[in-house]
Amino acid sequence: MKRLLLAALLIGCPSTVDDDDAVDDDDLVDDDDDDDSGDDDSAATTWRSALYPTDWTPAFTGEQDRFLHDMSYAGYHRSEQGLPQIVDLLGAFDVTTFGADPTGAADSTPGIQAAIDAAEGAGGGVVHLPEGSYRADGLLLVDAPGVLLVGDGPDRSRLWFTRDVGMTDTAHLTFRGAITTGPELLLVADGAARSHQVAVADASALTPGDHVQVGWVITDEFVAAHGMQDFWAVSNGQWRAFFRREVVGVDLTSDPDVITLDVPLRYPALLRDGASVRPVSGQLTECGVQGLGLSTVGDWDAAWTVDRSHALKFDRVRDCVVRDVASFESPNSSDDRGRHLLSGGIKVLDSERITIADTVLQHAQNRGGGGNGYLFEVSRSNEVLIRDCVGRSGRHAFIQNWDFGTSGIVWLRTTSVDGRSLPWQADDGTWVGFSEFHHSLAMANLIDASFTNDGWGAVNRRTFSSGAGHSATQSVFWNTSGDGEIKSFQYGHGYIIGTDPLMTVRVGLDEGGIFAEASGTAPEDWTEGLGAGATLDPPSLFEDQLARRLGR
């Protein structure tokens, strides 16, 4: 019964680009995508990137081997189907029937967890938090597939966590899978960037629908090829998963065997580095949160004793969703500082094909060093779509963080505002906190039609963050608006295409400043249409590429 219910709930709208429930705050995000191509006067004022002609295909390569990756695979089920739609709540697991208190007077942790456990025991289902204010003094865990936590809207169903001790590297609400890895299949030929195929000696253990990781060892040769001998050390000598993929074809008649993957490789996978394919299972699937308010604020001083705490964490998951979630000032706040979050907001780790949509996270307290104040954080994950989301008053509103293995992330129509660092319990920021790429060669990502009044960075961070070094390569800033700043010193090629006239853009190799952020990043990143983003066609690269791939 519950399995049938969940299947019905997962029937959504035709595609993410057709959703009409997106955040619509004209003061924050300009998402006017009206097509004026039928008006001759208007059409004459639009322009296209030289790297994205009207007949563009994913194989297109421009001058000096510059190209734009096909970024259209990001999101829930590769954005090929709509997000889960809650048709009705018949058969949902109502947390109040399990003892949760919607008045906030009593701890609701046991009742909510009991409802989650019941949904898991039934093979999946909706855990409903009816309108109310739910206090949680403990932590919540979802570790079986098919569970959706659903409220009646972030202003009506509010969940506020009070635990502020022992929260370092801990989330208040966690969705967690358990990965099992199969026998390693070594590549017998280099895997090419933008290719869907890799060759192995024997692929007979794989069938279409299997999930794999493609990766390689961080060898001395790999490090030296990027000029990172003085910076990359944490992962050296270890195998890292760079790409998480689904197998869509296995050819056992060729010599060698050929595996076809759903999403292309974003970077060369070299025999030199022991590149290989590893089958995996155990990811949590079809889970998420919708229509819920979240807060994690506790004692003011306690917040400064923990690092890297998050309200919500997705760990080893696939095809999951966050939608219509917002942070709020907790009733547990002991002062009038207007805090929403102890430190971090949402973290996605070791995951793939996630959509985070229509979500607003604000006012982190601990924005000091050590990984705090990250509102939307992605680590070691692939094909994540963060769209129509607002990050306000964090240290880094939107951030890619920690270690190798992040690629294919799309930030679509995001708003990054009022980023500040607040170290040493200061009440005002000592420097502007950019959204940014933070660690170790994030590959082929896209900031698309997004607004910032603070900034975005993609630079060589050298010794910062335990030797982050080159933080990004082959990533694109497309149609960026606002009066913030873009610093793009990417390894190899990087791209800034279309900006607001008020946007400050730094790409010059002599602009790295005292931190030498541009060192080793030649050639200078490509810029095009600076100040002319409003007339860039198409206004969204992701949505246009998705329409092309799906034949629309």
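In this text the structure is predicted, and so the values were computed from the model without any measurement.
- At a cut-off of 3.5 Å, with distance as the only test, a side-chain donor of Thr219 or Asp273 sits close to an acceptor on the other residue.
- Phe404 places a side-chain heavy atom less than 4.5 Å from the side chain of Leu441.
- For Asn445 (side chain) and Ile409 (main-chain N/O), a donor-acceptor pair under 3.5 Å exists by modelled atom type.
- In this structure, the side chain of His172 does not engage the main chain of Leu139 through any donor-acceptor pair within 3.5 Å.
- Cation-pi check for Arg549 over Tyr73 is met; the charged atom lies under 6.0 angstrom from the ring centroid and within 45 degrees of its normal.
- Closest approach of Ala364 to Ser343, counting heavy atoms only: CB-O, 3.1 Å.
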Exercise for the section: Apply the test side-chain contact (heavy atoms from CB on, under 4.5 Å) to residues Val289 and Leu173: give CA-CA distance (whole Å), side-chain angles for both, the deciding distance (0.1 Å), then the verdict. Expected result: CA-CA 10 Å; Val289 180; Leu173 170 57; 4.1 Å; yes
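- Annotation for Gly138 and Thr109: closest pair N-OG1, 3.0 Å, computed over non-hydrogen atoms.
- Relative orientation of the Trp232 and Phe222 rings is parallel, given thresholds of 30° and 60° on the angle between their planes.
- In this structure a side-chain-to-backbone donor-acceptor pair under 3.5 Å is missing from Asn372 to Asn366.
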Exercise for the section: Please assess Arg323 against Leu83 for the test side-chain contact (heavy atoms from CB on, under 4.5 Å), listing each intermediate value before the final yes or no. Expected result: CA-CA 9 Å; Arg323 187 178 187 187; Leu83 301 184; 3.9 Å; yes
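- In this structure, the side chains of Phe175 and Leu312 come closer than 4.5 Å at one or more pairs of heavy atoms.
- Taking OG of Ser276 as the start and CG of Leu185 as the end, the distance is 8.0 Å to the nearest 0.5 Å.
- If you take CG on Asp137 and OG1 on Thr162, they are separated by 3.5 Å, rounding to the nearest 0.5 Å.
- Closest of all the heavy-atom pairs between Leu385 and Ser79 is CD2-OG, 3.8 Å.
- Distance check: Arg318 CZ to Tyr76 OH gives 11.0 Å after rounding to the nearest 0.5 Å.
- A donor-acceptor contact shorter than 3.5 Å is absent between the side chain of Gln365 and the backbone of Leu341.
- When only modelled atom types and interatomic distance are considered, Ser416 and Asp454 share a side-chain donor-acceptor pair under 3.5 Å.
- Ser540 and Asp448 form a side-chain donor-acceptor contact under 3.5 Å, judged by distance and modelled atom types alone.
- Of the possible polar contacts, one joining the Gln490 side chain to the Ser475 backbone as a donor-acceptor pair under 3.5 Å is found.
- Few gaps surround CZ on Arg194; more than 12 heavy atoms of other groups in view lie less than 6.0 Å from it.
- Looking at Ser381, its side chain does come within 3.5 Å of a backbone N or O of Ser379 through a donor-acceptor pair.
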Practice task
Run the numbers on Arg135 and Asp107 for side-chain contact (heavy atoms from CB on, under 4.5 Å), then give the verdict.
Solution key: CA-CA 5 Å; Arg135 191 186 92 221; Asp107 178 18; 3.8 Å; yes
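- Here Phe243 contributes atom CZ and Met443 contributes atom CE; the two are 5.0 Å apart, rounded to the nearest 0.5 Å.
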Exercise for the section: Start with the C-alpha distance between Leu349 and Lys313, add both sets of side-chain angles, then the distance that settles side-chain contact (heavy atoms from CB on, under 4.5 Å), and finish with yes or no. Expected result: CA-CA 8 Å; Leu349 174 67; Lys313 183 177 181 180; 3.8 Å; yes
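- Results of the side chain to side chain contact (heavy atoms under 4.5 Å, CB included) test with Cys389 over Ile346, Val322, Thr359 single out Thr359 as the only residue that passes.
- At a cut-off of 3.5 Å, with distance as the only test, no side-chain donor of His363 or Glu329 sits close to an acceptor on the other residue.
- Shown are Tyr374, Phe434, Phe437; of these, the ring pair (Phe, Tyr, Trp, His ring centres under 6.0 Å) with His396 is made only by Tyr374.
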Exercise for the section: Verify ring-ring contact (aromatic ring centres under 6.0 Å, His included) between Phe376 and Trp411, making sure each step is shown before the conclusion. Expected result: CA-CA 10 Å; Phe376 296 83; Trp411 293 269; over 10 Å; no
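- Two residues are said to be in side-chain contact when any heavy atoms from C-beta on lie closer than 4.5 Å; Ile218 and Gln238 fail this criterion.
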Problem - Asp143 vs Arg176, salt bridge (Lys or Arg N to Asp or Glu O under 4.0 Å): CA-CA, chis, key distance, verdict - result: CA-CA 5 Å; Asp143 58 2; Arg176 185 173 64 213; 5.2 Å; no
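- The shortest heavy-atom contact between Ala178 and Arg316 is CA-NH1, 4.3 Å.
- The main-chain N or O of Val459 is found under 3.5 Å from a side-chain atom of Ser471 such that the two form a donor-acceptor pair.
- Residues Trp478 and Leu541 share a closest heavy-atom pair of NE1-N, 3.5 Å.
- Proximity of a side-chain donor or acceptor of Thr296 to a complementary backbone N or O of Phe161 within less than 3.5 Å is not detected.
- Among all heavy-atom pairs drawn from Cys320 and Glu286, the shortest one is SG-N, 3.7 Å.
- Counting only heavy atoms from C-beta outward, the side chains of Arg392 and His340 never approach each other to under 4.5 Å.
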Practice task
Kindly determine whether His69 and Gln545 satisfy side chain to side chain donor-acceptor pair (under 3.5 Å), including the steps that lead there.
Solution key: CA-CA 10 Å; His69 282 272; Gln545 288 183 332; over 6 Å; no
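- The side chain to side chain donor-acceptor pair (under 3.5 Å) test with Gln283 is passed by exactly one of Glu352, Arg244, Arg353: Glu352.
- For Arg308 and Trp402, the positive end is not near the middle of the six-membered ring at less than 6.0 Å and at most 45° from its axis.
- In this structure a side-chain-to-backbone donor-acceptor pair under 3.5 Å is missing from His226 to His470.
- Taking 4.5 Å as the limit, some side-chain heavy atom of Val127 sits within range of a side-chain heavy atom of Val95.
- In this structure, Asp350 pairs ionically with Arg380, as a charged nitrogen and a carboxylate oxygen lie closer than 4.0 Å.
- Under a 3.5 Å cut-off, the side chain of Glu120 and the backbone N or O of Val142 do not form any donor-acceptor pair.
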Practice task
Applying side chain to side chain donor-acceptor pair (under 3.5 Å), run through Asp307 and Thr168 and close with a yes or a no.
Solution key: CA-CA 5 Å; Asp307 293 318; Thr168 292; 5.1 Å; no
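- Between Val234 and Asp403 the shortest side-chain heavy-atom distance does not fall below 4.5 Å.
- Between Val378 and Ile386 the shortest side-chain heavy-atom distance falls below 4.5 Å.
- When only modelled atom types and interatomic distance are considered, Asp101 and Ser108 share no side-chain donor-acceptor pair under 3.5 Å.
- Distance check, rounded to the nearest 0.5 Å: CZ of Phe451 to OG1 of Thr414 gives 10.5 Å.
- Separating the OG1 atom in Thr406 from the NE2 atom in His438 is a distance of 12.5 Å, to the nearest 0.5 Å.
- Trp456 and Ser450 share no donor-acceptor pair across their side chains, judged by distance under 3.5 Å alone.
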